[in-house]
Amino acid sequence: MEDIFQWCREGNALQVRVWLDDIEHDFNQGDDHDFSPLHWACKEGHQKIVEMLMKRGARINVTNMGDDTPLHLASAHGHRAIVQLLLQNRVDVNFTNAHGNSPLHYACFWGYGPIAEDLVMAGALVSLANRDGDTPLDKTRGQLVQRLHELAIQQGQEMKKIQFKDQSWLGTRTRSRDATLSRHKGINISELSLHTRMAVTPSGETWRGRWQKNDIVAKILAVRECTPRIQRDFNEEFPKLRIFSHPNILPVVGCCTSPPSLVVICQYMSWGSLYALLHGAGAGRVVVDAAAALRLARDVARGLAYLHSLQNRDHQLQLYQLNSRHVMIDEDMTARINMADSKFSFQERGRCYRPAWQAPEALQRPRGKRNAEACDMWSFAVLLWELATREVPFADLSPMECGMKIALEGLRVSIPPGVSPHIAKLIRICMNEDIGKRPSFNMILPILEKMNK
């Protein structure tokens, strides 16, 4: 059996690279102690593998069973180059583990002076107490105590001890994903414990449940009759939705083919959909300010750019009609495109239930006669408008009325005066009436990256 964790421990960069090239491999999965591949690479000091994993989008603040992040392990084992690499990528420098220790606690305890100085310069607090009431300065000795004290004052830190507060109950820790979620494909429906029906749509029913101690969402597809041909098509198509290789894609982790039911299963996302976060049950639970909205937009654009790169390699993905209901929000507020909402070939074709997000040509032409990326770019523009305004597009119109007006009467979203001129300009560019003048997702990503800085 392939062991990505062993390769990361050994520093086998070639084997890791080959493993990462398979889209079904989940580089954010954890081993028996919730160590992710990034944890092991940081602990053992394999910088090339760390760089490779981070470039692919590995979660930088992921925690193991003891709530250590990769920065904790790199700091505790004296790998300064890796610490510096993590610090350049917006790592949470004051994240505390189950013992209340920050990465600075470990750097000080083991006497890694240069690493401790790097951490303090990056904002690590020297007065942050752990569960035992000890600060990083209490964990070090000699001239390093004075040096760190002086650096902290230069950085404007208050030297009064910050008492430990247990915040584990908040559920804000980003654990590595259970490896069983990426190893299984076919699942017996009797193994599922479905307890709450979340939604009923024309494409099927969505249920929340449990499977092998994992929180999952199961979508029971709506099919009139589960014929042998439909079962065959389902078994051929669903593996294409198992895309673990990108942080902004929520993969299908498995399926059940137990006639008359066809079920696709994905990991449960505690924040729900982007639509719910902005307008529904999730609205008000978290503040989606302008900066957060830009990060979410960037996440969606990254995911779409990746999906279209797979299409260009003849992956033959059946992309759905993009809207904010199909974008899920992970526990660390990362936007992820839900592959479980993709359409199968045997499902209803040509019907549009959310036309407000659709490009005019998507409502006028069959799938084979339209540019998929250009259509998704229009839908992305509407989603960007939704993030900027916190409004539902054309909420006062029925779906049929909305679709007819967009396709035939030139109905378009209007940008209110309060929207940032940069966002407004980007929306207009992405919604260009001339299909050939709409940008690709690879073209707008640098713009969104720059806006996020």
Side-chain angles (χ1 to χ4, degrees), residues 199-204 222 224 273-276 278-280 293 297 300-301 303-305 307-308 311 317-327 337-338 341-421 423-441 443-444:
V200 179
T201 66
S203 60
R224 292 182 179 179
S273 70
L274 178 58
Y275 184 92
L278 295 176
H279 316 298
V300 175
L304 286 167
L307 288 179
H308 284 289
Q311 278 195 315
L317 279 172
Q318 183 86 349
L319 291 179
Y320 46 76
Q321 300 160 349
L322 176 69
N323 63 66
S324 55
R325 287 176 173 85
H326 296 153
V327 176
I337 299 170
N338 189 8
D341 287 329
S342 299
K343 271 194 174 183
F344 290 87
S345 62
F346 52 82
Q347 288 183 293
E348 210 172 18
R349 297 184 182 184
R351 295 293 297 274
C352 181
Y353 297 99
R354 310 289 180 192
W357 284 264
Q358 294 306 105
E361 69 273 13
L363 299 168
Q364 297 167 338
R365 305 175 188 174
R367 178 178 293 275
K369 294 186 177 180
R370 60 187 190 232
N371 183 310
E373 186 166 13
C375 290
D376 282 342
M377 183 56 68
W378 182 287
S379 300
F380 175 77
V382 178
L383 190 146
L384 190 57
W385 175 92
E386 189 180 1
L387 282 164
T389 64
R390 308 295 194 276
E391 296 179 10
V392 178
F394 313 121
D396 56 331
L397 301 177
S398 68
M400 179 176 290
E401 188 179 7
C402 177
M404 293 292 288
K405 287 181 177 291
I406 291 173
L408 304 175
E409 300 179 20
L411 178 66
R412 304 291 185 264
V413 292
S414 58
I415 303 174
V419 174
S420 158
I423 296 296
K425 183 178 181 180
L426 184 57
I427 292 172
R428 293 189 185 99
I429 291 172
C430 297
M431 294 185 72
N432 198 308
E433 298 287 341
D434 186 336
I435 298 171
K437 291 184 179 179
R438 290 178 206 161
S440 68
F441 285 100
M443 292 170 65
I444 68 168

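Quick caveat: nothing in here was measured; it's all calculated off a predicted structure.
- Of the inter-residue distances, the one linking Ile444 atom CD1 with Leu304 atom CG reads 8.5 Å to the nearest 0.5 angstrom.
- Applying the side-chain contact (heavy atoms from CB on, under 4.5 Å) rule to Pro416 yields the partners Trp385, Thr389, Val419; only residues at least two apart in sequence or on another chain are considered.
- Arg438 has its side chain out of reach of Phe380: every pair of non-hydrogen atoms, C-beta onward, lies at least 4.5 Å apart.
- Between Phe394 and Pro355 there is no side-chain heavy-atom pair separated by less than 4.5 Å.
- Of the candidates Asn323, Asp376, Leu274, Leu383 forms a side chain to side chain contact (heavy atoms under 4.5 Å, CB included) with just one, namely Leu274.
- A heavy-atom distance below 4.5 Å is found between the side chains of Met431 and Val413.
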Name every donor-acceptor pair, under 3.5 Å, that has one atom in a side chain of residues 395-410 and the other anywhere in the protein, sequence neighbours excluded.
{"unit_1": "Ser398", "atom_1": "OG", "unit_2": "Glu401", "atom_2": "N", "d": "3.2"}
{"unit_1": "Lys405", "atom_1": "NZ", "unit_2": "Glu409", "atom_2": "OE1", "d": "3.4"}

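- Judged by distance alone, the side chain of Arg365 and the main-chain N or O of Arg370 form no donor-acceptor pair under 3.5 Å.
- Of the inter-residue distances, the one linking Leu307 atom CG with Ser342 atom OG reads 8.0 Å to the nearest 0.5 angstrom.
- The minimum heavy-atom distance linking Leu322 with Trp357 is given by the pair O-CB, 3.5 Å.
- Partners of Ser203 under the side-chain hydrogen bond (donor to acceptor under 3.5 Å, both in side chains) rule, at least two apart in sequence or in another chain, are Thr201, Lys219.
- When every heavy atom of Ala276 is checked against every heavy atom of Ser273, the shortest pair comes out as N-OG, 3.0 Å.
- For Tyr275, the ring pair (Phe, Tyr, Trp, His ring centres under 6.0 Å) criterion is met by His279, not counting sequence neighbours.
- Taking the side-chain hydrogen bond (donor to acceptor under 3.5 Å, both in side chains) definition, one finds that Glu433 meets it with Arg412, sequence neighbours left out.
- Once rounded to the nearest 0.5 Å, the distance linking CE of Met377 with CD1 of Ile435 reads 13.0 Å.
- Across Trp378 and Gln358, no two heavy atoms sit closer than the pair NE1-O, 3.4 Å.
- Residue pairs that meet the salt bridge (Lys or Arg N to Asp or Glu O under 4.0 Å) test with at least one member in residues 377-386, sequence neighbours left out, do not exist here.
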